There are 2 protein chains.
Amino acid sequence: MGRPPKFSRARLQEAALALVDEHGLEGLSMRALASALGTGPMTLYNHVANREDLEVLVVEAVLAQAQWSRGCSDDWREDARELALTVWRALRAHPRVVPLVLTRRSRSPIVADFGEAMLAALARSGRSGHALLVAFRAITALIMGFAQGELAGPLATSAGEPADEVIERFRSLPRDRYPGLVDIAEAARESDPEREFREGLELLLDGLSRAR
Amino acid sequence: MGRPPKFSRARLQEAALALVDEHGLEGLSMRALASALGTGPMTLYNHVANREDLEVLVVEAVLAQAQWSRGCSDDWREDARELALTVWRALRAHPRVVPLVLTRRSRSPIVADFGEAMLAALARSGRSGHALLVAFRAITALIMGFAQGELAGPLATSAGEPADEVIERFRSLPRDRYPGLVDIAEAARESDPEREFREGLELLLDGLSRAR
DNA sequence: ACCTGAACACCGTTCAAGT
DNA sequence: ACCTGAACACCGTTCAAGT
């Protein structure tokens with residue numbers, strides 16, 4: 001006997017994302033999500049295969065927020081930059097989901113479409129085949145790596161500890177042993193994440209412009 | 001009454017890493033580790049604060065395998081390259097630990113020492129302060145991002161699915177809609193991870209050489 | 001100082017039954 | 001087709017007691 005679903009997959013996705021945004025990764029459980037949706041845990045299994053499947057759904061909810069103009073400009077660097085920035089911003093909007101984005105694999109068309117758009121831009125730098133593959137791997141690595149670095153890297157600013165404290169911790173290292181770390185910790189005080197990402201991205205784009 | 005520890009912290013670290021290497025992340029539990037060490041779960045709490053602490057220990061076991069020569073050459077690019085490669089290789093030697101490396105933060109001297117060595121190399125490109133910070137963030141992002149990409153990126157080759165299958169999956173996409181993805185999937189067939197990383201790294205080093 | 005068993009409050013998921 | 005309660009086999013961790 002056909003029964004209408006109690007809630008849509010989209011509703012479930014939205015509720016799961018809200019749970020992680022608000023309570024972090026450990027706030028996401030089948031049971032917690034179920035009660036947020038007003039049902040029992042087992043109901044979720046009508047919409048989702050298992051917990052990992054649910055996590056992929058959360059990842060895709062975040063990635064879906066990356067939007068870009070479909071056409072392309074006459075400057076491939078500008079296109080690649082726009083694409084990279086929109087993904088990076090989507091990740092930054094949901095910092096507590098980043099660990100999931102880094103570790104779960106999605107086969108959603110969102111990922112393929114983004115990849116294809118980025119490849120279209122990079123191809124216009126004059127690359128194809130192996131060189132295009134390397135360029136693609138490098139730029140996606142840079143995006144994910146910057147997101148990771150803010151979350152868990154040496155100068156990570158999130159994850160509970162306030163930014164100023166992390167910087168202070170590095171600033172107070174022995175200056176003779178760690179002059180470089182002290183230096184960048186000072187610089188980090190009057191910097192911001194988007195600027196750092198943009199300038200880091202520009203370094204790679206410079207490399208992509210030069211080599212052939 | 002002073003009792004000698006039943007096992008050292010190093011022994012615990014080693015056993016935990018072995019557990020993850022062999023059975024993956026889900027094979028690591030307080031209970032499984034305890035029985036691998038021949039005791040009850042609660043004994044572990046004499047050596048480790050909690051599960052997260054244990055995970056950081058595993059991360060540090062992997063990072064500790066990154067070794068580099070202390071002196072520096074007359075070529076900063078060569079030094080940065082060596083440092084990046086040694087970390088990347090350490091990560092690759094323990095693919096199932098990578099998700100932990102991406103998401104857990106360590107305050108071990110290993111991390112600080114690596115950072116300082118890398119900064120020393122990058123500083124010799126003529127950078128300091130904010131520009132040095134950006135260069136550092138970019139190169140660490142590239143390293144971690146490449147490790148992430150192999151694990152969970154669009155063309156990821158690990159995570160159960162064999163490399164050939166992933167590539168085949170992309171190769172069989174509609175060529176008119178995803179020409180770029182099909183192209184790099186073909187290229188990926190006769191490529192290897194270290195080559196891709198080396199060449200991706202070179203792109204960033206090119207960018208670091210040019211800009212000032 | 002270090003070890004440890006029992007117990008508690010959670011998990012994800014199987015199963016079998018409902019509509 | 002979709003829902004759901006009971007039950008199972010796990011977790012990490014607190015507590016209280018041992019040496």
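Since we're looking at a predicted model, the values are computed, not measured. Keep in mind that the numbers below use all heavy atoms, side chains included, and drop hydrogens, waters and symmetry copies.
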query = Is any side-chain N of the basic residue among B/Glu194 and B/Arg92 closer than 4.0 Å to the acidic one's carboxylate O?
reply = no

Salt bridge A/Arg137-B/Glu150, side-chain N to carboxylate O under 4.0 Å = no

query = So B/Tyr178 and A/Asp113, side-chain hydrogen bond (donor to acceptor under 3.5 Å, both in side chains) or not? Walk me through it.
reply = CA-CA 8 Å; B/Tyr178 296 111; A/Asp113 287 349; 2.7 Å; yes

From [atom1] of [X] over to [atom2] of [N], roughly how many Å is that when rounded to an integer?
{"X": "A/Asp53", "N": "C/dT13", "atom1": "CG", "atom2": "C1'", "result": "14 Å"}
{"X": "B/His47", "N": "C/dC2", "atom1": "NE2", "atom2": "C1'", "result": "8 Å"}
{"X": "B/Phe7", "N": "C/dA1", "atom1": "CZ", "atom2": "P", "result": "19 Å"}
{"X": "A/Leu37", "N": "D/dC2", "atom1": "CG", "atom2": "C1'", "result": "15 Å"}

Nearest-0.5 Å distance that lies between atom [atom1] in [X] and atom [atom2] in [Y]:
{"X": "A/Leu54", "Y": "A/His47", "atom1": "CG", "atom2": "NE2", "result": "12.0 Å"}
{"X": "A/Glu82", "Y": "A/Leu85", "atom1": "CD", "atom2": "CG", "result": "8.5 Å"}
{"X": "A/Met42", "Y": "A/Asn46", "atom1": "CE", "atom2": "CG", "result": "8.0 Å"}
{"X": "A/Leu133", "Y": "B/Arg195", "atom1": "CG", "atom2": "CZ", "result": "9.0 Å"}
{"X": "B/Glu26", "Y": "B/His23", "atom1": "CD", "atom2": "NE2", "result": "10.0 Å"}

task = List the atom of A/Met30, the atom of A/Leu44, and the distance in Å for their closest heavy-atom pair.
result = O-CD1, 3.1 Å

ask   = Considering only heavy atoms, which members of residues 15-25 of chain B lie under 4.0 Å from some atom of DNA chain C?
value = none

inquiry  = Is the shortest side-chain heavy-atom distance between B/Phe114 and A/Pro154 below 4.5 Å?
reply    = no

B/Phe146 and B/Phe197 aromatic ring geometry - parallel, tilted or perpendicular at 30°/60° bounds = perpendicular

Which protein N or O atoms sit under 3.5 Å from an N or O of nucleotides 9-12 of chain C?
unit_1 : atom_1 : unit_2  : atom_2 : d
C/dG12 : OP1    : A/Met30 : N      : 3.2
C/dG12 : OP1    : A/Arg51 : NH1    : 3.0
C/dG12 : OP2    : A/Met30 : N      : 3.1
C/dG12 : N7     : A/Arg31 : NH1    : 2.3
C/dG12 : O6     : A/Arg31 : NH1    : 3.3
C/dG12 : O6     : A/Arg31 : NH2    : 3.4

note = By nearest-heavy-atom nucleotide on DNA chain D, the more 5' of B/Met42 and A/Thr39 is A/Thr39

inquiry  = Please determine whether a side-chain nitrogen or oxygen atom of A/Lys6 lies at a distance below 4.0 Å from atom OP1 or OP2 of D/dA1.
reply    = no

task = Can you tell me which stems involve DNA chain C, if a stem is defined as three or more consecutive Watson-Crick or G-U wobble pairs, both distances under 3.5 Å?
result = C:4-8 with D:12-16, C:12-16 with D:4-8

